[in-house]
Amino acid sequence: MLSISGGIAGSITPSSSRANPSPAKRDLFKELGVTPVINAGVTMTFLSGSLMLPEVLEAINSTAHDFANMYELQDKVGAKIAEMLHCEAAMVTSGAACGMVLGTAACITGTDKEKIKAIPNLPGQRPEVIMQKTHRYVFDQAITTTGARIIEVEGPDEMDKAFNEHTVMTLFFNAAGESSVTREEFVALSKKHNVPSFMDAAADVPPVENLFRYQKMGFDLVTFSGGKMIRGPQSAGLLFGRKDLIEAAKLNHSPHEAPIGRPMKVNKEEIFGMYAALKAYLERDHKKEWEDWLNRIKRIKSVVEKISGISGETSVNPGPANAFPSLKLSWDEQKIKMNARQVSEALQKGTPSIAGVFGRSKDGKSELRVGVVLLRPDQVDVVANRLREVLGNAK
Ligand SMILES: *Cc1c(COP(=O)(O)O)cnc(C)c1O
């Protein structure tokens, strides 16, 4: 198995092929004038998620040459993923947002063909999904896409009273800042009212244990993004949990002709790729990967700290989302005449373009966060040197 540090073949990305020019290789970035970007931040959808693992690219390439029955593929891959994640059933979606649409749709329709045809325009009162007020977030539009409406609650008592005959699901946003109902209480109340509970943990690995935690806790449906730290295809994700709900979710998805999930198709290669990514992620030496991240931070810190007035420290985000270490740089703007935003802009506009480095500036002090987990091994020094250049020039 390839580790993250050694695993990214030099030949798979255009920027490294430019480093080792080979005239035969077609550079589509160049051909189309698209700027290759180094991501020294966290996984961001607008920055194309993460870089797929070599195992994923291999899965995509090696399965492209034959047709497959998509029902069979989804069933077989789903069964295997369910076995890997110790749950009843699983499926590959086009991402966590798709997982939310399909999960909600499944809770609304079950296997009822008429309802599958009708959503989001079911006759009668709209189905209801219960959420905590503090959990409202941009992605809950994936819930209302199905025609459901969101009922906001605060605290266990209010949640208990919010259930009625229109309630189809409850949604827990795992990375929400505050919760007035704990995960355990949330599951217990949902079970008491016999309503499926859904956990959105899209960006919540590492730690790898989170892939098992929420189904064990009793959540009926769980979703994770494929294209974040699991490093699968960006347009793939996981939805897993109760068998009857996954079956209903599949009925709301492609390759069925026109249900709500039809425009959220995942192609054959990405379904194979998602499986390969999950397998590689579960088999990885996570401790070693963490050590590797810390070493990257040390390396960049040692280069940047050569500029007097700059200090760096390792900072670990407590999560649940993006729970990994990064380098926090800080300086006095009297000594380094640039603020965090200006450095961030200079990095992004430079060549190569380095994105995802954000910070803040207050009372003449600047702080900048440099991410290391999405860097290719050869990009660690590139980022260190660019930081030294930009900050050094500002001195
Ligand atoms: C990224 C994210 C999503 C959307 O995931 P996709 O895989 O991009 O569809 C949903 N919820 C949360 C909390 C996320 O971080």
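Counting convention: from 1, in listed order, for ligands and their atoms alike.
Each of the atoms 1 (C), 5 (O), 6 (P), 7 (O) of ligand 1 lies under 4.0 Å from some heavy atom of S225. Of all atoms in ligand 1, listed by their number and element, those nearer than 4.0 Å to a heavy atom of A203 are 15 (O). Contact atoms of ligand 1 toward G95: 7 (O), 9 (O) (distance under 4.0 Å to a heavy atom of the residue).
Ranking the protein heavy atoms by distance from atom 9 (O) of ligand 1 puts A97 N, 2.9 Å first. For atom 8 (O) of ligand 1, the nearest non-hydrogen atom of the protein is T45 OG1, 4.0 Å. From the protein, the heavy atom lying nearest to atom 4 (C) of ligand 1 is F139 CE2, 3.4 Å. Protein heavy atom in closest approach to atom 1 (C) of ligand 1: K228 NZ, 1.4 Å. Counting only heavy atoms of the protein, atom 11 (N) of ligand 1 lies nearest to D200 OD2, 2.7 Å.
Taking the six-membered ring where the residue is Trp, F173 and H135 present perpendicular rings, their angle passing 60° and hence far from 30°. Ring orientation note: the planes of F224 and F240 are close to parallel, at an angle under 30° on the 30°/60° scale. Ring planes of H193 and F163: parallel class, angle under 30° (limits at 30 and 60°).
Here the rule is side-chain contact (heavy atoms from CB on, under 4.5 Å) with T146, and of N252, V168, I108 only I108 fits it.
The pair K365-D363 fails the salt-bridge criterion, with no side-chain N (NZ, NE, NH1 or NH2) lying under 4.0 Å from an Asp/Glu carboxylate O.
When heavy-atom distances to ligand 1 are checked against a 4.0 Å cut-off, Q234 has no atom that comes that close, whether in backbone or side chain.
No more than 12 heavy atoms of other residues, nucleotides or ligands lie within 6.0 Å of CZ in R360, so this atom counts as exposed by the packing criterion.
A distance of 6.0 Å or more separates the ring centres of H253 and Y71.
Residue A96 has at least one N or O atom closer than 3.5 Å to an N or O atom of ligand 1.
Ligand 1 lies within reach of F173, whose nearest heavy atom is under 4.0 Å from it.
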Which is it for S366 and E333 under the side chain to side chain donor-acceptor pair (under 3.5 Å) test, yes or no, and what are the steps along the way? CA-CA 7 Å; S366 262; E333 289 161 24; 2.7 Å; yes
